[in-house]
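Worksheet for the structure shown next.
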2 protein chains.
Amino acid sequence: MDSERPDLGAMVMRLGRRLIAMEEPILERHGVSMWAYVVLTALSGSEGPTRTQAALAQSIGADKTRLIPILDDLQKRGLIEREPDPADRRARLLALTEEGKEKQRAIQKEIRTAENDLLAGNKEKDAFVRALRDLSR
Amino acid sequence: MDSERPDLGAMVMRLGRRLIAMEEPILERHGVSMWAYVVLTALSGSEGPTRTQAALAQSIGADKTRLIPILDDLQKRGLIEREPDPADRRARLLALTEEGKEKQRAIQKEIRTAENDLLAGNKEKDAFVRALRDLSR
DNA sequence: TATTGTTATACTCTATAACTATA
DNA sequence: TATAGTTATAGAGTATAACAATA
């Protein structure tokens, strides 16, 4: 019975596409790109405003150069603060503004609702999420 | 507790990257790209050699134009047959050769082994795979 | 000299549009 | 005219390399 299923990779990628398609209209309504949302979420997770752009890039699996235009935009729109670290002025301290925190929470709330709708019909959803959490670490 | 986990999409994409990284050396050893393997697997699944390239493209979530160089290569290497449908000579009938079938089986076997290693430590792996199968459909 | 962030450039992947051959 | 496949082209996304500022 094991051989009679698609490869894990194929199924995961399929589900990934489905989730992205689900999230896209939500993100668009809020005027942020996928990566911008990933950045907002990463910054909302860390306690304390400390962080360097290179570390942030690595933590979300992106290249540091890809981050720059995203950060530029988020800063211009007042969703993040980016100022030189007084202790080492090469680095930039990144932090969400109040507005940024609110935006992140609002988007995440909608995404969670959509996720729950997707999971709703599945009896093993709790085990699925637990295992996924473990396997994606 | 539900709010204290990453978004589903983030976890799924992370796992996807991990699986791809896992599969890459296997595929490279066999000299096929990811998409080429997807094509071989799609063709191995269908009973009967019938199929059109556009249908194949759609079934694997790719553009028909992206398929062409992949099919060219697979054909040149004797892994697939591609001949005009006598009933409608615009269409191409696609089928794996014996060698193509063997290659697909050999690669899939290695990938399944690697997948099982990845899943091995997780107690809820069976529920995970069942749910994933359902959710990715 | 090494490191952070930035800019400029090149490369890969993917999609769009135009073409051919059949129907 | 419509459709399957192909080719050529353009666009998005991503990575590499060079640069400026600071250490």
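Predicted model, so just to flag it, every value in this text is computed and none were measured.
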**OP:** Please tell me if the side chains of Ile111(A) and Tyr37(A) come closer than 4.5 Å, counting only heavy atoms from C-beta onward.
**Re:** yes
**OP:** Please check if the side chain of Ser136(B) supplies one atom and the backbone of Arg14(A) the other of a donor-acceptor pair under 3.5 Å.
**Re:** no
**OP:** Quickly work out the Asp72(B) CG to dA4(D) P distance and round it to whole Å.
**Re:** 19 Å
Original post:
Reading DNA chain C 5' to 3', which nucleotide is the first, and which the last, to come under 4.0 Å of any heavy atom in chain B?
Top reply: dT14(C) to dA23(C)
**OP:** Please confirm whether the backbone N or O of Arg90(A) pairs with a side-chain atom of Arg92(A), one donor and one acceptor, at under 3.5 Å?
**Re:** yes
Subject >> salt bridge (charged side-chain N to carboxylate O under 4.0 Å, His left out) evaluation trace for Arg105(A) with Glu102(A) >> reply: CA-CA 5 Å; Arg105(A) 276 195 290 262; Glu102(A) 273 170 39; 5.4 Å; no
**OP:** I would like to know whether Arg112(A) and Glu115(A) meet salt bridge (charged side-chain N to carboxylate O under 4.0 Å, His left out); could you show each step before the answer?
**Re:** CA-CA 5 Å; Arg112(A) 291 300 164 101; Glu115(A) 285 179 358; 3.8 Å; yes
Original post:
Start at the 5' end of DNA chain D and walk down; is the nucleotide closest to Ile68(B) or to Ala62(A) reached first?
Top reply: Ile68(B)
Original post:
With side chains defined as the heavy atoms from C-beta onward, is the minimum distance between Leu15(B) and Leu8(A) less than 4.5 Å?
Top reply: no
Subject >> Donor-acceptor pair, side chain of Arg18(A) and main chain of Leu135(B), under 3.5 angstrom >> reply: yes
Subject >> Side chain Asp7(B), main chain Gly9(B), donor-acceptor under 3.5 Å >> reply: no
Subject >> Between P of dT14(D) and CZ of Arg66(A), the distance in whole Å >> reply: 4 Å
**OP:** List in numerical order all residues of residues 75-83 of chain A for which some heavy atom is under 4.0 Å away from an atom belonging to DNA chain C.
**Re:** Arg82(A)
Original post:
Could you write nucleotides 16-23 of chain D as a row of B, S and -, 5' to 3', where a protein heavy atom under 4.0 Å of any base atom gives B, of only sugar-phosphate atoms gives S, and otherwise -?
Top reply: BB----BS
Original post:
What is the distance, rounded to the nearest whole Å, between atom CG of Asp73(B) and atom P of dT6(D)?
Top reply: 14 Å
Original post:
Under 4.5 Å between any side-chain heavy atoms of Lys125(A) and Asn116(A), yes or no?
Top reply: no
Original post:
Going hydrophobic residue to hydrophobic residue with side-chain gaps under 4.5 angstrom, can you get from Ile70(B) over to Ile60(B)?
Top reply: yes
